[in-house]
Amino acid sequence: QVQLQESGPGLVKPSQTLSLTCTVSGGSITTNYYYWSWIRQPPGKGLEWIGYIRYRGNTYYATYSPSLQSRTSISGDTSKNQFTLQLSSVTPEDTAVYYCARVRPADYGLGSRNSGSWGQGTQVTVSS
């Protein structure tokens with residue numbers, strides 16, 4: 001059973017960069033089939049899919065939501081079996097519970113957490 005766990009600071013100041021790490025056990029992020037994804041859920045709102053990486057051999061490819069692409073970077077580290085999220089120039093509107101997940105391509109972008117393997121989520125608050 002694959003397990004994912006988010007880690008990183010819970011408080012980020014406006015204009016700074018939000019950085020989170022997803023540590024994966026029970027499966028390799030190099031597995032070709034899956035999208036290794038970052039998702040967030042602002043208070044009172046639904047899931048917002050930030051982006052994902054997928055591996056082809058030793059190369060990963062990143063895809064981002066158009067609305068966040070200019071501020072987002074997702075990268076993988078196979079030596080640690082981790083992938084990371086960096087979201088720059090944050091504002092209070094970036095406050096959310098942030099999840100990492102392993103999902104099948106067909107399940108990417110769905111509005112629930114019922115598919116795939118998800119971390120427990122981590123609260124990130126953007127505030128001065």
Side-chain angles (χ1 to χ4, degrees):
Q1 191 87 4
V2 66
Q3 293 182 309
L4 297 83
Q5 184 169 13
E6 305 88 348
S7 61
L11 181 64
V12 184
K13 295 180 179 180
S15 82
Q16 300 300 304
T17 296
L18 180 160
S19 297
L20 296 173
T21 297
C22 184
T23 300
V24 179
S25 62
S28 174
I29 64 171
T30 64
T31 302
N32 179 59
Y33 181 75
Y34 295 103
Y35 288 180
W36 301 91
S37 308
W38 285 101
I39 311 96
R40 68 182 185 180
Q41 186 168 32
K45 297 184 180 296
L47 299 176
E48 180 180 12
W49 294 73
I50 300 168
Y52 65 88
I53 59 170
R54 66 173 179 90
Y55 274 83
R56 298 295 299 271
N58 62 356
T59 303
Y60 66 85
Y61 300 85
T63 300
Y64 309 115
S65 169
S67 64
L68 297 171
Q69 182 173 5
S70 65
R71 299 194 290 131
T72 306
S73 178
I74 300 174
S75 58
D77 185 340
T78 59
S79 69
K80 298 180 179 180
N81 208 34
Q82 296 176 332
F83 63 103
T84 62
L85 169 69
Q86 293 187 302
L87 183 67
S88 65
S89 303
V90 298
T91 74
E93 283 64 50
D94 294 310
T95 294
V97 176
Y98 283 75
Y99 299 93
C100 59
R102 186 197 73 177
V103 300
R104 296 177 172 84
D107 294 329
Y108 185 84
L110 296 180
S112 77
R113 296 165 54 202
N114 292 335
S115 299
S117 298
W118 293 64
Q120 64 186 357
T122 186
Q123 173 71 44
V124 179
T125 300
V126 179
S127 176
S128 60

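Residues: numbered from 1 along the sequence shown. Bear in mind that the values here come from a model prediction, so they are computed numbers and not experimental data.
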For Thr31 and Tyr33, indicate whether the former's side chain and the latter's backbone hold a donor-acceptor pair under 3.5 Å. no
What closest approach, in Å, do Pro14 and Ser128 show between heavy atoms, and which atom pair accounts for it? CD-N, 3.6 Å
Heavy-atom nearest pair, Tyr64 first then Ser73, reads OH-CA, 3.5 Å
Check the pair Thr21, Glu6 against side-chain contact (heavy atoms from CB on, under 4.5 Å), reporting the backbone distance first and the verdict last. CA-CA 6 Å; Thr21 297; Glu6 305 88 348; over 6 Å; no
Here the gap from Leu11 atom CG to Gln123 atom CD, rounded to the nearest 0.5 Å, amounts to 10.0 Å
What's the spacing between Leu85 CG and Thr72 OG1 if we round to 0.5 Å? 6.5 Å
Do you see a donor-acceptor pair shorter than 3.5 Å between the side chains of Thr23 and Gln5? no
Do other residues, nucleotides or ligands put more than 12 heavy atoms under 6.0 Å from Asn32 CG? yes
Tyr60 and Trp36: aromatic ring centres closer than 6.0 Å? no
Is there side-chain contact between Thr17 and Leu87, with at least one heavy-atom pair below 4.5 Å? no
So do Asp77 and Phe83 actually touch side chain to side chain, heavy atoms under 4.5 Å? no
Taking atom CD of Gln1 and atom OG of Ser25, what is their separation to the nearest 0.5 Å? 10.0 Å
What do the steps show when you test Asp94 against Val124 for side-chain contact (heavy atoms from CB on, under 4.5 Å), and what is the final call? CA-CA 8 Å; Asp94 294 310; Val124 179; over 6 Å; no
List the steps, then state whether side-chain contact (heavy atoms from CB on, under 4.5 Å) holds for Glu48 with Leu68. CA-CA 10 Å; Glu48 180 180 12; Leu68 297 171; 3.7 Å; yes
With ILVMFWY side chains joined below 4.5 Å, transitively, what does Val97's cluster contain besides itself? Tyr35, Ile39, Leu47, Trp49, Tyr52, Tyr99, Val103, Tyr108, Trp118
Using a 3.5 Å distance criterion without hydrogens, assess whether the side chain of Asn81 forms a donor-acceptor pair with backbone atoms of Val24. yes
Between Val2 and Leu4, the two heavy atoms sitting closest are CG2-CD1, 4.1 Å
Got a second to check how far Tyr61's OH is from Arg54's CZ, nearest 0.5 Å? 7.0 Å
Closest non-hydrogen atom pair between Gln82 and Ile29, with its separation: O-CD1, 3.3 Å
If you take all heavy atoms of Ala96 and Arg40, which pair is closest and at what distance? CB-CB, 3.9 Å
Identify which one of Ile74, Thr63, Thr84 satisfies the side-chain contact (heavy atoms from CB on, under 4.5 Å) criterion when paired with Ile53. Ile74
Test log, rule side-chain contact (heavy atoms from CB on, under 4.5 Å), inputs Tyr55 and Thr78: CA-CA 10 Å; Tyr55 274 83; Thr78 59; 3.4 Å; yes
If I take atom CD from residue Gln3 and atom CZ from residue Arg102, how far apart are they, to the nearest 0.5 angstrom? 11.0 Å
Separation between CZ (Arg71) and OG (Ser65), nearest 0.5 Å, reads 10.0 Å
Ignoring hydrogens and geometry beyond distance, is a side-chain donor-acceptor pair present between Thr30 and Ser28 at under 3.5 Å? yes
